[in-house]
Amino acid sequence: MQEKLGNKFYTREVTTVAKELLGKTFVKFVDGETVSAKIVEVEAYDGSVDEAAHSFGGLTTRNEVMFNEGGLLYVYFIYGTHYCCNIVTGKENDGAAVLIRAVEPLTGLDYLSENRYGKTRLTEKELLSLTNGPGKICKAFNITKKHNGIDLSGDEIFILDAKKVDKSRIAQTVRVGIKKSAELPWRFYLKDNLFVSKR
DNA sequence: TACTAGATCGGCT
DNA sequence: GCCGATCTAGTAG
C-alpha cells in the first residue's frame, strides 16, 4: 500500500495536491538509513493568481524550478538563515507549488535531532518543535539549496502514499507569515495533530 | 505571555 | 540597497 507518489499525483491542481499531501510520508535516504515523517501541514502557492507566490512575477533564475511540471522539490533560502521546502505541482509553466510547513517524525529521529539540536536525547518540548515549521524541517532533514530541483521520483527524496485522510480531519485557514494575498485560505493542516506549527 | 530585534543570503529593482 | 512563504533569544509587563 505504501507506493511512491508519481507524476499523476503531482501534476494536478495545486490546492488539490496540497490537501492530499496531508498524511502522506515524506522520506529522505541518508547513508542507507530511512528518515521519514508524516506531512501534517502545508500551504498552496499558485503563481497565476497568487501575489505571494515567488512565481507570480514570471520566470526568473530563482524560481525556475517552480515552472517545471509537478514532481520536483523547490528549495529556497529566506531571511539569510533558513531554507524552505516545496513540492512543485501542476503542469509545465504553471508556477505552482506546495510549501511543507510541518511534519511529524516517524523514523530516523536521531538523525533529525542531531541536525536540529546537535544531540539525540530530546525533551518532550524539543521533540514537539523539532519539525513544526518550514525552516525547522529543512534544518532537521538537512535540506539545502543543493536539493533544489531534485526529482521526487528518484531515490534520495520522495513521498510515499498513505491512507487517505478523512475530510473532516482537515482544517483550512489563511496562510502564515506573508503580506501579499494574505487572505487566500490556502493553508491546510490535520486537526488535533500536535506537530502543526500553529492553530 | 507578548512583543521586538537580530541573524545575514541572494534575488530583484 | 532592500526585504523576504522564519526562528530564536531576549526583555518588558
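No experiment lies behind these values; they were computed from the predicted model shown. All chains are named by letter (A, B, ...) in the order of the sequence lines, taking the proteins before the strands, and each is independently numbered beginning at 1.
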What do you reckon, is NZ of K139(A) surrounded by more than 12 foreign heavy atoms closer than 6.0 Å?
-> no
Counting any heavy atom closer than 4.0 Å, what does K139(A) reach on the DNA or RNA strands: base, sugar-phosphate only, or nothing?
-> nothing
Let me see the working for N7(A) and S153(A) under side-chain contact (heavy atoms from CB on, under 4.5 Å), right down to the final yes or no.
-> CA-CA 8 Å; N7(A) 228 247; S153(A) 63; over 6 Å; no
Within a radius of less than 6.0 Å around CD of E183(A), do more than 12 heavy atoms belonging to other residues, nucleotides or ligands occur?
-> yes
Distance-only side-chain donor-acceptor flag, Y117(A) / S129(A), under 3.5 Å = yes
Around atom NZ of K164(A), are there more than 12 heavy atoms of other residues, nucleotides or ligands at under 6.0 Å?
-> no
Mutual orientation of the aromatic rings belonging to Y83(A) and F77(A) [parallel < 30°, tilted 30-60°, perpendicular > 60°] = tilted
Within residues 111-138 of chain A, find the residues that approach DNA chain C with a heavy atom at under 4.0 Å, and present them sorted by residue number.
-> R116(A), G133(A), P134(A), G135(A), K136(A)
4.5 Å side-chain heavy-atom contact, I178(A) and Y45(A) = yes
Which string of ( ) [ ] | and . matches DNA chain B, if you list each base 5' to 3' and count Watson-Crick or G-U pairs only when both distances are under 3.5 Å?
-> |||||||.||||.
Is there a side-chain contact between H147(A) and C85(A) (heavy atoms, below 4.5 Å)?
-> no
Could you tell me whether the side chain of I159(A) reaches within less than 4.5 Å of the side chain of V27(A), counting heavy atoms only?
-> no
C1'-based separation of dG10(B) from dT8(C) [nearest Å] = 22 Å
Check every nucleotide of DNA chain C for an atom under 4.0 Å from a heavy-atom of chain A, then give the first and the last such nucleotide from 5' to 3'.
-> dG4(C) to dT8(C)
When every nucleotide of nucleotides 8-13 of chain B is labelled 5' to 3' by its protein contacts under 4.0 Å (heavy atoms), B for base, S for sugar-phosphate only, - for none, what sequence of letters results?
-> BB-SS-
Closest contact, heavy atoms only, K38(A) versus N193(A) = CE-ND2, 4.4 Å
For DNA chain B, find the residues of residues 87-101 of chain A with a heavy-atom distance under 4.0 Å and give them by number; none if there aren't any.
-> none
Could K24(A) and D161(A) be called an ion pair, given the rule that one side-chain N must be under 4.0 Å from one carboxylate O?
-> yes
Option from L112(A), N115(A), I137(A) for which side chain to side chain contact (heavy atoms under 4.5 Å, CB included) with L130(A) holds | L112(A)
Going by an N to O cut-off under 4.0 Å, is there a salt bridge joining K191(A) and D166(A)?
-> no
Is there a side-chain contact between Y189(A) and R101(A), using heavy atoms and a 4.5 Å cut-off?
-> no
Hey, could you give me each pair passing side-chain hydrogen bond (donor to acceptor under 3.5 Å, both in side chains) that has a residue in residues 67-82 of chain A? Not counting sequence neighbours.
-> H54(A)-Y74(A)
